[in-house]
Amino acid sequence: MPIAQPAPKVALEGIELRVLHLPLVSPFTTSFGTETVREVIVVRALTSDADGWGEIVTQESPLYSSEYTQGAWDVALRFLIPALLDRHTLAPEEVASVLEPFVGHRMSKAGLELAILDASLRSAGIPLGAHLGAVRDRVPSGVSVGIQRDPSALVDAVRGYLDEGYVRIKIKIKPGRDIADTAAVRDAFGDIPLQVDANSAYTLADADTLAELDRFGLLLIEQPLQEDDLVDHASLAQRLRTPVCLDESIVSSKAAADALTLGSASVINIKAGRVGGYLEAVRIHDLCRAAGIPVWCGGMLETGIGRAANAALAALPGFTLPGDVSASSRFYDRDIVTEPAVLEDGHVRVPTGAGLGVEIDPVALEDMTVAREVLRR
């Protein structure tokens with residue numbers, strides 16, 4: 001499915017980066033650690049017609065990914081932004097090719113591309129959803145629940161999210177916190193849409209333990225093995241009834257094609273930051289849709305910037321499973337946009353304004369900024 005509407009070129013005058021610290025409403029624990037404050041980089045593209053906003057979804061430490069805040073900050077300022085400013089005038093679709101000589105750093109590239117895409121679409125009055133090919137005006141909202149103190153605390157947390165109206169529950173698991181936690185949620189809430197996320201915490205030696213999850217009728221098990229274990233994932237998939245979903249392994253449309261060829265997954269989680277941007281995310285969506293493979297939109301605890309972009313992406317026709325596009329209040333008491341995403345009857349609306357369709361709250365942005373740098377032509 002081609003991009004629905006073209007995005008015009010922009011005259012790029014400069015790019016501003018800010019490191020933000022956003023306190024989380026509660027600690028978020030996964031197999032790779034606990035966050036209490038979300039550290040994130042916000043990008044502002046300064047153009048002759050309109051400013052655009054993006055988000056680099058790295059974390060403080062290289063635990064989920066090899067990318068991390070200070071590394072992203074350095075590579076963006078030292079290499080990526082100068083390469084873009086040298087071009088001066090460029091279309092959003094050209095950003096990836098301009099940055100291709102610099103190996104890796106997909107989250108940094110994605111944040112820069114989104115800011116330029118937002119500026120371009122704002123200047124043309126085109127909503128991001130319309131540009132990407134969205135077919136819905138709202139998307140079903142799932143919630144990701146971190147590892148809790150014990151199974152009882154997990155049940156209490158899940159009950160709260162179900163009461164708020166979330167239509168799908170995802171719980172984080174790791175060795176020793178898997179079978180009992182999943183059983184507690186299933187026993188407490190019956191046949192709710194439920195899936196688990198291992199964040200690469202297991203190896204193929206744990207296949208028997210993972211097979212025990214089959215009895216819970218899960219939607220899927222997400223990224224059970226290491227990100228480069230496509231072959232082992234294919235072996236594991238043959239041993240499980242539960243569909244295997246890949247997350248960290250899918251870093252590009254090429255990686256997605258390889259995974260499908262090998263039989264490593266029957267579901268794919270698309271995170272725009274992880275794959276290098278929303279335009280590459282659309283290519284993965286198109287590939288999976290043609291192959292009959294369901295996809296859903298994962299989350300990286302985004303601010304209102306990335307959350308708006310994720311809602312637009314998740315409104316494409318191939319996103320047939322509820323994603324992690326939750327309300328802003330799931331993570332933040334205070335967001336950096338004037339109208340944060342809210343939950344309405346289990347769904348989040350796709351913004352309809354030009355570009356991302358959200359406006360920045362300048363006071364909140366300033367209050368949460370801990371570092372700032374601007375590069376200009």
field: Between Glu39 and Gln59: side-chain donor-acceptor atoms closer than 3.5 Å
entry: no
- prompt: Is Asp335 close to Asp361 at the side-chain level, that is, under 4.5 Å between some pair of heavy atoms?
  reply: no
message: Looking at Arg87 and Glu94, is any side-chain nitrogen of the basic one under 4.0 Å from a carboxylate oxygen of the acidic one?
response: yes
- line: The reported gap from CD in Glu280 to CD1 in Ile250 (rounded to nearest 0.5 angstrom) is 11.0 Å
field: Qualifying residues under side-chain hydrogen bond (donor to acceptor under 3.5 Å, both in side chains), relative to Asp324, sequence neighbours excluded
entry: Arg168, Lys170
field: Side-chain ion pair, Glu366 and Arg18, N-O less than 4.0 Å
entry: yes
- request: Could you list all the salt bridge (Lys or Arg N to Asp or Glu O under 4.0 Å) pairs where at least one residue sits in residues 201-218, not counting sequence neighbours?
  value: Asp208-Arg239
Show me the donor-acceptor pairs within less than 3.5 Å that the side chains of residues 224-231 make with the rest of the protein, sequence neighbours left out.
from: Gln226; atom 1: NE2; to: Ser200; atom 2: O; distance (Å): 2.6

- prompt: Just by distance, with hydrogens left out, do Asn269 and Glu222 show a side-chain donor and acceptor under 3.5 Å apart?
  reply: yes
task: Decide, yes or no, whether a salt bridge links Lys254 with Asp258 under the criterion of side-chain N to carboxylate O below 4.0 Å.
output: yes
message: If hydrophobic clusters are built by linking Ile, Leu, Val, Met, Phe, Trp and Tyr wherever their side-chain heavy atoms come under 4.5 Å apart, do Phe189 and Tyr161 end up in the same one?
response: yes
field: Rounded distance (nearest 0.5 Å) linking atom OG of Ser252 with atom CZ of Arg106
entry: 5.5 Å
- prompt: Which residues pass the side chain to side chain contact (heavy atoms under 4.5 Å, CB included) test with Asp118, sequence neighbours left out?
  reply: Trp53, Arg122, Leu356
message: Using salt bridge (Lys or Arg N to Asp or Glu O under 4.0 Å), reason through Arg372 and Glu16 one step at a time and then give a plain yes or no.
response: CA-CA 7 Å; Arg372 178 178 176 271; Glu16 175 190 75; 2.7 Å; yes
task: Say whether Ile173 and Ile147 are linked into one hydrophobic cluster, either directly or through other cluster members, by side-chain heavy-atom distances under 4.5 angstrom.
output: no
field: Salt bridge flag under 4.0 Å for residues Glu344 and Arg349
entry: yes
field: Exercise: do Glu13 and Ser48 side chains pair donor with acceptor under 3.5 Å
entry: no
- prompt: Any ion pair linking Asp286 and Arg289 (charged N to carboxylate O, less than 4.0 Å)?
  reply: no
- prompt: Can you tell me if Arg330 and Tyr166 form a side-chain donor-acceptor pair at under 3.5 Å?
  reply: no
- prompt: Will you find, in the side chains of Arg38 and His21, an N or O donor that is under 3.5 Å from an N or O acceptor?
  reply: no
task: Show your working on salt bridge (Lys or Arg N to Asp or Glu O under 4.0 Å) between Asp247 and Arg274 and close with a plain yes or no.
output: CA-CA 9 Å; Asp247 173 2; Arg274 193 194 62 233; 2.3 Å; yes
- request: Give the cluster check for Val363 versus Ile360: same hydrophobic cluster or not, with ILVMFWY residues linked at side-chain heavy-atom distances below 4.5 Å.
  value: no
task: State which residues pass side chain to side chain contact (heavy atoms under 4.5 Å, CB included) with Ser329; sequence neighbours excluded, sorted by chain then number.
output: Ala327
- request: Classify the side-chain pair Asn310/Glu302 by whether it contains a donor and acceptor separated by less than 3.5 Å.
  value: yes
query: Should Tyr68 and Leu22 be regarded as members of a common hydrophobic cluster, given that ILVMFWY residues are connected when their side-chain heavy atoms come within less than 4.5 Å of each other, either directly or indirectly?
result: no
query: When Ile, Leu, Val, Met, Phe, Trp and Tyr are grouped by side-chain heavy atoms lying under 4.5 Å apart, directly or through other members, which residues fall in the same group as Leu219?
result: Leu220, Val267, Trp296, Leu321
